[in-house]
Each structure stands twice: as C-alpha cells, then as structure tokens.
Amino acid sequence: MATRHLYLARHGAADAFGQLTDAGRRQAGLLGERLAGRPVDAVWHSPLPRAAASARELARHLPGVPVAEAAELIDQVPYVPGPAETPQSWVGYFDGYDKAEAAAGHKLAEALVARFAEAPGPAADGPPSDTHEVLITHAGPIAWLVRHALDAPPARWLGLNSANTALTIIEYRTGLPPTMVMFNDLSHLPADLRWTGFPQGMWP
C-alpha cells in the first residue's frame, strides 16, 4: 500500500516586515539537515517571502529536489467559528473578519486538504508509489491539516500552534484514516532556537 508522507513545518523566525531573520535561516538550515536522509520528492512553500526563503534555505541540504510555490499554503484563517464554537479567550481574535473574508479563507483550507491530504495516486507508468513532500507554510494551515487528520470539529484548529521550523508529520494511505506521526517536534533545534513563534513564556 503506497503512503504519502507529508513533512509540515512553519517557516523560520521572521521580523516585523515578514523577512526571515538570521535565527530563521539557522532554523531552516537545521530542519534541512534533519530531512537530508529522507527520500524527499518535492519541497512546496507558501507564496509569502518568509516561507519561500525558508524553503530555499532548507533545500540547500536536499540537492536535486525541486522547490515550488503552492498557493494553498498561504497564511490564512482556515475557519472562523461561530459564537457557540468560540472559546471566550478567542472572541476578540476574529474581530474584523467579514463573511466574505471568512469564506475565502475556508475555501483555501478546503483546497489545501484536497491537494495534499490524500494518498498517492497512480503513477504514469504503474501503480501508486510512496511519496515524500515537505510543506513550508504557516501555523494556520498546519493546524488545519492536523485537525483534518484527527477528524476533529472545524473549530479545533484553534490552539494548535507550531513553533518556527518545528516538524509535523502526517501519513496518508488509501482506505485508512490519516496517521499522525508527530506534531511540533523541535529536536533538531538547539535550546536558543526553540519555541520561537509562540508567546513569550517558560518552555520545557
């Protein structure tokens, strides 16, 4: 049975203008070193500069692997919950999202699932074979794919944050539910580069 392996990561740390910082480049390079032993077929990235730069930095450790933009990986709110679904602490977060903007974000989220969250299709010259793809994106799309893999209600993407270049792995096989292999793993990063992208606090 062929398996689609998705390696998901948030872009490296970025500045207030959305440009990758020196720390972000180090994070992306270390993630590339970690993935260098995997048979990666492609690296996909969000159109935003911080994700594109992270993908290029990571790909230096994956010679010959194609790197391309995927519009579905853009930073967006995948689902705006209704009042009954919204935890009190999140209420203010969605101020300013009108119905059209919420619908556009959800349409992108559905396109993300349709493109990436499925088992490999038949190859041009035979049956399906395993695929290994790296997706460099943002916290929202990662949370949405994790929520989808767990078959959780749409609003459960809330609170599934990801540190910069933390690794999440999901596997897809025909006829079976997705398999969550790991979420937000930081073991490739030294202590001073972990937990960026989260609010300031004490972390283990």
Side-chain angles (χ1 to χ4, degrees), residues 3-16 18-70 72-75 112 115-117 120 130-150 157 159-173 178-204:
T3 301
R4 187 177 201 169
H5 305 262
L6 282 192
Y7 305 90
L8 309 169
R10 189 177 179 181
H11 56 82
D15 62 23
Q19 301 299 316
L20 209 60
T21 64
D22 288 343
R25 280 185 283 276
R26 287 176 59 205
Q27 290 169 324
L30 289 167
L31 178 58
E33 289 180 15
R34 178 173 182 176
L35 295 173
R38 307 300 299 165
V40 175
D41 299 298
V43 176
W44 301 97
H45 62 80
S46 155
L48 297 181
R50 58 190 182 272
S54 297
R56 290 193 297 271
E57 189 67 30
L58 176 149
R60 292 194 305 108
H61 302 276
L62 305 172
V65 175
V67 178
E69 179 181 301
E72 297 89 347
L73 297 174
I74 191 76
D75 193 11
L112 172 68
R115 180 170 181 181
F116 290 108
D130 285 4
T131 61
H132 297 256
E133 296 161 277
V134 178
L135 275 53
I136 304 299
T137 181
H138 309 272
I142 293 172
W144 188 253
L145 287 170
V146 170
R147 178 221 62 83
H148 173 267
L150 297 176
W157 76 273
L160 290 172
N161 204 357
S162 292
N164 293 120
T165 71
L167 183 61
T168 292
I169 302 176
I170 308 176
E171 295 177 347
Y172 302 90
R173 299 174 182 86
T179 299
M180 282 296 311
V181 178
M182 65 174 61
F183 173 68
N184 203 46
D185 186 87
L186 296 161
S187 59
H188 53 286
L189 300 177
D192 64 314
L193 293 181
R194 296 180 182 181
W195 298 111
T196 63
F198 274 67
Q200 291 298 315
M202 296 292 292
W203 303 105

Taking all non-hydrogen atoms of both residues into account, name the closest pair between [X] and [Y] and its distance.
{"X": "Ala13", "Y": "Leu20", "answer": "O-CD1, 3.5 Å"}
{"X": "Ala139", "Y": "Asn161", "answer": "CB-OD1, 3.6 Å"}
{"X": "Gly32", "Y": "Leu62", "answer": "O-CD2, 4.3 Å"}
{"X": "Ala51", "Y": "His11", "answer": "CA-CB, 3.8 Å"}
{"X": "Trp157", "Y": "Ala143", "answer": "O-CB, 3.5 Å"}
{"X": "Arg115", "Y": "Arg4", "answer": "O-NH1, 3.1 Å"}

Measure from the side-chain N and O atoms of [X] to the backbone N and O of [Y], and report whether any donor-acceptor pair falls under 3.5 Å.
{"X": "Arg10", "Y": "Ala166", "result": "no"}
{"X": "Thr3", "Y": "Glu171", "result": "no"}
{"X": "Asn184", "Y": "Ala163", "result": "yes"}
{"X": "Arg50", "Y": "Gly24", "result": "no"}

Quick check for you: to the nearest 0.5 Å, what is the distance between [X] atom [atom1] and [Y] atom [atom2]?
{"X": "Ile170", "Y": "Leu135", "atom1": "CD1", "atom2": "CG", "value": "9.5 Å"}
{"X": "Glu133", "Y": "Arg38", "atom1": "CD", "atom2": "CZ", "value": "13.5 Å"}
{"X": "Arg194", "Y": "Trp203", "atom1": "CZ", "atom2": "CH2", "value": "14.0 Å"}
{"X": "His188", "Y": "Leu31", "atom1": "NE2", "atom2": "CG", "value": "4.5 Å"}
{"X": "Leu30", "Y": "Leu58", "atom1": "CG", "atom2": "CG", "value": "10.5 Å"}
{"X": "Leu112", "Y": "Ile142", "atom1": "CG", "atom2": "CD1", "value": "10.0 Å"}

Gln27 and side-chain hydrogen bond (donor to acceptor under 3.5 Å, both in side chains): which partner among Thr165, Thr196, Asn164?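 The residue from Thr165, Thr196, Asn164 that satisfies side-chain hydrogen bond (donor to acceptor under 3.5 Å, both in side chains) with Gln27 turns out to be Thr196.
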
side-chain contact (heavy atoms from CB on, under 4.5 Å), paired with Leu8, selected from Ile136, Leu145, Leu73, Ile169: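 Option passing the side-chain contact (heavy atoms from CB on, under 4.5 Å) with Leu8: Leu145.
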
Is any side-chain heavy atom of Met180 less than 4.5 Å from a side-chain heavy atom of Val146?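 Touching, per the 4.5 Å side-chain cut-off.
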
Min side-chain heavy-atom separation Pro120-Tyr172 under 4.5 Å: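 Result no, sub-4.5 Å side-chain heavy-atom pair not found.
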
Side chain to side chain contact (heavy atoms under 4.5 Å, CB included) involving Pro66 - partner list, sequence neighbours excluded: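 Residues passing side chain to side chain contact (heavy atoms under 4.5 Å, CB included) with Pro66: Ala42.
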
All side chain to side chain donor-acceptor pair (under 3.5 Å) counterparts of Arg26, not counting sequence neighbours: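 With neighbours one apart ignored, the set is empty.
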
Test side chain to side chain contact (heavy atoms under 4.5 Å, CB included) on Arg34 and Asp185; report intermediate values, then the result. CA-CA 11 Å; Arg34 178 173 182 176; Asp185 186 87; 2.6 Å; yes

Check the pair Asp130 / His5 against side chain to side chain contact (heavy atoms under 4.5 Å, CB included), numbers first and verdict last. CA-CA 8 Å; Asp130 285 4; His5 305 262; 4.0 Å; yes

Taking the inter-plane angle between the rings of His132 and Tyr7 on a 0 to 90° scale, is it parallel (under 30°), tilted (30 to 60°) or perpendicular (over 60°)?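 Judged by the thresholds at 30° and 60°, the geometry between His132 and Tyr7 is parallel.
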
How would you list all residue pairs meeting side-chain hydrogen bond (donor to acceptor under 3.5 Å, both in side chains) that involve residues 137-149, not counting sequence neighbours?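 Listed once each, the pairs are Ser46-His138.
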
